[in-house]
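The figures that follow rest on heavy atoms only: side chains count, while hydrogens, waters and symmetry mates do not.
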Amino acid sequence: MFRKLYPKLFKGSLYAERLPIGVDSIIKNFSYPVIKRYYNEWYRPDLMAVIVVGDITVEKAEGLIKKHFTGLKNPATIRERKYASVPAYTTSDALVVTDKEATSYQVSIQYPAFVKEELVTDSNYKNSVIR
């Protein structure tokens, strides 16, 4: 269903051309050196986040994080991360997508009439909630 929805939802951007996970032909036919290179380029500390949830003290969580993640290092050469912008809609449109294997129904109305600001600060987040 995403293959039908994304080209319309993200029209004019890279996301309209392929699913976020990538292109099937690459995923199904990659060689070991290619996937290893991809892993080393993109699975690196500066692009990671660690979330701790549960009945654990801050000290214990910090200790486990340091134990398991301190040894990770960014590669010497960092590949540039490209961001795809999604242009604001200029017209109204509608789309109905169905799949005989879908187990529920959903209606969604999107109003992306402006470029979304990056949520970097508390103030950015507050403004997005207010909007």
Side-chain angles (χ1 to χ4, degrees):
M1 293 171 71
F2 285 128
R3 292 180 200 283
K4 293 179 183 176
L5 178 63
Y6 281 10
K8 178 82 70 174
L9 191 62
F10 300 121
K11 186 178 178 178
S13 80
L14 175 65
Y15 303 124
E17 299 171 18
R18 64 175 180 82
L19 292 175
I21 194 168
V23 180
D24 287 346
S25 61
I26 294 172
I27 295 169
K28 292 178 181 178
N29 300 304
F30 64 82
S31 65
Y32 177 74
V34 169
I35 197 67
K36 188 173 179 178
R37 185 189 76 224
Y38 180 87
Y39 177 85
N40 289 328
E41 288 176 346
W42 296 112
Y43 286 76
R44 58 186 204 234
D46 65 322
L47 297 177
M48 293 181 183
V50 177
I51 298 172
V52 178
V53 178
D55 188 15
I56 186 171
T57 65
V58 172
E59 295 77 20
K60 178 75 172 172
E62 283 181 1
L64 289 169
I65 290 168
K66 287 178 181 175
K67 175 182 174 184
H68 293 285
F69 295 100
T70 299
L72 297 178
K73 304 289 181 219
N74 285 325
T77 305
I78 294 179
R79 188 167 165 187
E80 178 188 0
R81 185 175 179 189
K82 296 178 183 175
Y83 293 88
S85 61
V86 179
Y89 295 157
T90 56
T91 61
S92 296
D93 207 346
L95 180 66
V96 176
V97 180
T98 60
D99 185 323
K100 64 182 179 181
E101 295 179 7
T103 58
S104 63
Y105 299 97
Q106 180 178 347
V107 175
S108 177
I109 300 174
Q110 306 290 327
Y111 293 103
F114 57 89
V115 177
K116 187 175 178 182
E117 67 180 287
E118 192 172 348
L119 302 179
V120 177
T121 66
D122 290 341
S123 178
N124 293 143
Y125 176 72
K126 179 182 175 185
N127 289 339
S128 75
V129 171
I130 291 170
R131 183 175 309 159

Residues in side chain to side chain donor-acceptor pair (under 3.5 Å) contact with S108, at least two apart in sequence or another chain: Q110
Single-linkage hydrophobic cluster, 4.5 Å side-chain cutoff, L64 and F69 together: yes
hydrophobic_cluster_shared for M48 and I65, side chain cutoff 4.5 Å: yes
Side chain to side chain donor-acceptor pair (under 3.5 Å) partners for R44, two or more places apart: D46
With V97 via side-chain contact (heavy atoms from CB on, under 4.5 Å) - residues at least two apart: M1, K4, L95
Co-membership, hydrophobic cluster, residues Y89 and L5, 4.5 Å side-chain: yes
Result block: side-chain N/O donor-acceptor pairs under 3.5 angstrom for residues 31-41, not counting sequence neighbours:
| residue | atom | partner | partner atom | Å |
| --- | --- | --- | --- | --- |
| N40 | ND2 | K36 | O | 3.2 |
| E41 | OE1 | R79 | NH1 | 2.6 |

Any K11 side-chain heavy atom under 4.5 Å of D93 side chain: no
Within-4.5 Å side-chain heavy-atom neighbours: S85 and S13: no
side-chain contact (heavy atoms from CB on, under 4.5 Å) involving N124 - partner list, sequence neighbours excluded: E117, L119, V120, T121
Connected via hydrophobic side-chain network under 4.5 Å: V58 and I56: no
Over 12 foreign heavy atoms within 6.0 Å of CD1, I130: yes
side-chain contact (heavy atoms from CB on, under 4.5 Å) between E17 and F10, worked out: CA-CA 9 Å; E17 299 171 18; F10 300 121; over 6 Å; no
Non-neighbouring partners of F2 that pass ring-ring contact (aromatic ring centres under 6.0 Å, His included), sequence neighbours left out: Y6
Pairwise distance CD(E80) to OG1(T77) - rounded to 0.5 angstrom: 13.5 Å
Other residues, nucleotides, ligands: >12 heavy atoms within 6.0 Å of N74 CG: yes
Rounded distance (nearest 0.5 Å) linking atom NZ of K82 with atom CG of L14: 10.0 Å
